[in-house]
Amino acid sequence: MKKLMFLGLTLFSTSILLGKYMPDWESIDSRPTPEWFQDAKFGIFIHWGLYSVPAWGPTETESIYDKYAEWYWYKLMDQTSPVNEQFVEFHQKNYGKDARYQDFASQFRAELFRPKDWAKLFKQAGAQYVVLTSKHHEGYCLWPSEQSWNWNAMDVGPHRDLAGDLSDAVKAEGLHMGFYYSLYEWFNPQYLNDVNRYVDQHMLPQMKDLVQRYEPDIVWTDGEWDHASDTWRSKEFLAWLYNESPVKDSVVVNDRWGNDTRGKHGGFYTTEYDLVHDKEVTGGMDHPWEECRGIGTSFGYNRNEDLSNYSSSTELIHLLIDKVSKGGNLLLNVGPTADGRIPVIMQQRLSDVGDWLKINGEAIYGTRKWDSDAVAGDSQVSFTRKGNDLYLFNTDPNQTEVFVSGVNPKSLELLGSSEEIDWIVVEGKVRITIPNFPSERLPCSHAWVFILRQAF
Ligand code: GLC
C-alpha cells in the first residue's frame with residue numbers, strides 16, 4: 001500500500017515537473033489552443049453514415065433540429081413529437097413496414113467514393129481542415145473499429161476504411177484532418193444499461209484507437225448532453241490526449257465534453273446554425289470558437305431539399321466574413337450521398353468560396369478580429385486585422401462610402417486590383433469612397449476587401 005502511495009505521489013509530482021496536464025478543467029484549459037486552428041478560419045465538415053441512405057428529413061419545420069436528416073433513426077423510434085410521424089410515414093411508404101434502419105447498412109456502399117477528389121475539392125475551396133463523422137449517434141463507425149464489430153464500414157456496407165482513406169488523402173493535400181465522434185449512441189444496449197461500462201469498454205478505447213491510428217489534428221466530440229463530463233471521463237481522456245498521444249502538440253478539441261462544458265471548457269467553443277443549446281449567439285466570443293452549419297438546412301444529405309433550401313455562394317461568403325470578423329472559424333458542412341458523391345450543387349458552392357478566397361484569402365487566414373465602430377451608409381462594415389494592417393470587408397454593392405475612426409492610414413488598396421481608391425482623413429476619420437466600377441474592373445464578385453495599411 002505504501003509502495004503504491006509512493007508510486008502515485010512520484011507520478012503526480014513528475015507530471016507536474018514535466019509541465020504535464022492534470023485531469024482537471026483548470027489544468028486542461030490552461031493549454032493554449034494551437035495557433036494553427038485560429039489561423040485556419042475555414043474548414044469542411046462531413047456528415048456521412050447510414051442516414052445517407054434514406055437521406056431524408058422534413059424541410060418545413062420550425063426548429064432547425066427537426067430538419068436534420070442524420071437523426072432519421074431516432075425520429076423513427078421516438079414518436080413523442082408530431083414532426084417525427086413524418087419520418088415513419090416516409091419510411092413505411094418507401095421501404096415497407098418491416099424495414100429496419102439496420103438494413104440500410106447493406107445499401108451504404110460508397111462505390112463512387114474517390115477520397116483524392118474530395119480532398120482536392122476541399123483544398124480548392126480554400127479550406128484548411130476537414131472534420132469527418134467517424135461515428136454519429138447511430139453508432140455505425142466509418143473505420144474498422146474493433147469495439148463496433150459488424151457495425152462499421154469495413155464489416156458491413158462499403159467494406160472499406162472510409163475514415164482512413166479520407167484522412168490519407170486530406171493530409172496529402174496539406175490540410176489538417178479531424179474527426180467528429182459522438183459520445184453517446186442512441187440504441188447501444190451497453191450504453192443504455194450501464195454507461196460506465198460503455199465508457200470504459202467501448203467509448204474510450206474507440207477514441208484512443210481513432211487518435212492512435214489516424215493521428216488527427218482535431219477531436220470534435222458531440223452527443224454529450226445526457227451526462228456530465230465526469231461520467232464520460234472526458235478530463236482523463238483529454239489529459240491523455242495532451243500529455244501522451246501522438247498529436248499532443250498539434251491537436252485541437254471543441255467544447256462538447258459533458259452537459260457541463262459547452263461554452264465553458266475546451267480548446268474552442270462551438271455554435272451550430274448560430275445556436276448554442278437552442279440559444280442564439282450574437283456577436284463574438286473571446287475564446288477561440290467555430291460556427292458549424294450545412295450548405296442547406298441539414299448536416300446529413302437530405303434529398304428532400306431543393307434549391308431554395310441551399311445558401312447561395314454570396315450568402316456563404318458573407319457568412320464566412322461575418323464569423324471571421326467576429327474572431328471565429330466557419331466549419332461548413334457537406335453531406336455526401338450513400339454512393340460516395342458530394343452533390344454537385346455543394347461542389348459548386350465550395351468552388352465559388354474557393355475562387356473568392358484565392359483573391360481575398362490574405363484578409364481571412366491568419367487574421368484576428370478588430371472591433372470598430374466604422375459605418376457605411378446605414379450598415380456596419382466588418383474588419384479583420386493582421387499586425388498593423390486592417391482589412392475592411394464591403395458586402396454591399398451599392399455602398400458609396402465608409403467612415404472609419406481610430407486608424408492611422410498610410411495607404412489603401414482594393415485586394416486583387418491595382419485601381420486607385422479615393423480616401424481622405426476628415427475630422428480624425430478616414431473617409432473611403434467605394435468605387436463604382438463596372439464588374440469587369442472588379443477583382444471578384446460577392447464581397448470586396450480593402451487593405452488599409454497603417455503608419456506606425
Ligand atoms: C448536433 C446534432 C447533430 C450534428 C451536430 C453538428 O448536436 O445532434 O446531428 O452532428 O450537432 O454540430
Side-chain angles (χ1 to χ4, degrees), residues 42-59 61 63-78 81 83-84 87 101 129-142 163 178-188 191 203 210 218-227 229 232 234 252-263 266-281 288-302 304-305 311 319 323 328-336 346:
F42 181 43
I44 302 291
F45 212 177
I46 308 169
H47 276 62
W48 201 26
L50 300 188
Y51 43 83
S52 315
V53 175
W56 188 89
T59 55
T61 63
S63 158
I64 183 76
Y65 299 113
D66 285 332
K67 302 182 205 279
Y68 290 180
E70 70 276 13
W71 275 71
Y72 189 96
W73 193 9
Y74 187 85
K75 306 266 169 159
L76 271 190
M77 308 300 283
D78 172 75
S81 135
V83 174
N84 299 357
F87 283 85
Y101 183 84
Y129 61 102
V130 173
V131 180
L132 169 74
T133 47
S134 63
K135 179 193 90 174
H136 202 259
H137 314 325
E138 61 184 3
Y140 180 85
C141 294
L142 298 196
F179 289 115
Y180 166 108
Y181 178 88
S182 173
L183 301 183
Y184 87 150
E185 292 179 20
W186 290 318
F187 306 116
N188 182 329
Y191 170 71
M203 190 196 92
L210 258 185
I218 303 171
V219 177
W220 211 107
T221 46
D222 187 33
E224 82 290 12
W225 43 81
D226 272 5
H227 297 282
S229 55
W232 297 122
S234 299
V252 176
V253 305
N254 68 352
D255 60 350
R256 302 183 179 183
W257 295 98
N259 55 20
D260 50 335
T261 66
R262 274 203 209 194
F268 62 92
Y269 299 159
T270 57
T271 60
E272 171 177 333
Y273 286 93
D274 284 337
L275 303 168
V276 175
H277 281 310
D278 281 341
K279 280 191 218 85
E280 186 146 358
V281 189
W289 63 277
E290 179 195 65
E291 154 78 2
C292 66
R293 66 169 74 183
I295 296 179
T297 55
S298 168
F299 287 97
Y301 182 45
N302 184 0
N304 201 23
E305 287 182 325
S311 297
L319 178 73
K323 300 307 166 199
N329 284 18
L330 176 66
L331 183 64
L332 185 64
N333 182 79
V334 296
M346 298 187 191

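Hydrogens, waters and symmetry mates are skipped; everything else that's a heavy atom, side chains included, is used. Both counts, for ligands and for their atoms, begin at 1 and track the order of listing.
Aromatic rings from W225 and Y184 are positioned such that their centres are separated by under 6.0 Å. For Y273 and F299, the gap between ring centers is short of 6.0 Å. A centroid separation of 6.0 Å or more is found between the aromatic rings of Y74 and H137.
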Could you go through ligand 1 and list every pair where one of its N or O atoms sits under 3.5 Å from a protein N or O, giving the atom names and the distance to one decimal?
| residue | atom | partner | partner atom | Å |
| --- | --- | --- | --- | --- |
| ligand 1 | 7 (O) | D222 | OD1 | 3.3 |
| ligand 1 | 7 (O) | D222 | OD2 | 3.4 |
| ligand 1 | 8 (O) | W71 | NE1 | 3.0 |
| ligand 1 | 8 (O) | H137 | NE2 | 2.8 |
| ligand 1 | 9 (O) | E70 | OE2 | 2.5 |
| ligand 1 | 9 (O) | W71 | NE1 | 3.0 |
| ligand 1 | 9 (O) | H136 | NE2 | 3.1 |
| ligand 1 | 10 (O) | H47 | NE2 | 2.6 |
| ligand 1 | 10 (O) | H136 | NE2 | 2.9 |
| ligand 1 | 10 (O) | Y180 | OH | 3.4 |
| ligand 1 | 11 (O) | D222 | OD2 | 3.2 |
| ligand 1 | 11 (O) | R256 | NH1 | 3.2 |
| ligand 1 | 11 (O) | E272 | OE1 | 3.1 |
| ligand 1 | 11 (O) | E272 | OE2 | 3.4 |
| ligand 1 | 12 (O) | R256 | NH1 | 3.1 |
| ligand 1 | 12 (O) | E272 | OE1 | 3.0 |

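With rounding to the nearest 0.5 angstrom, the CG atom of L183 is 7.0 Å from the CH2 atom of W257.
Side-chain contact annotation: E305 with T59, donor-acceptor N/O pair under 3.5 Å absent.
Just one residue in the list W186, Y65, F87 forms a ring pair (Phe, Tyr, Trp, His ring centres under 6.0 Å) with W71, and that residue is W186.
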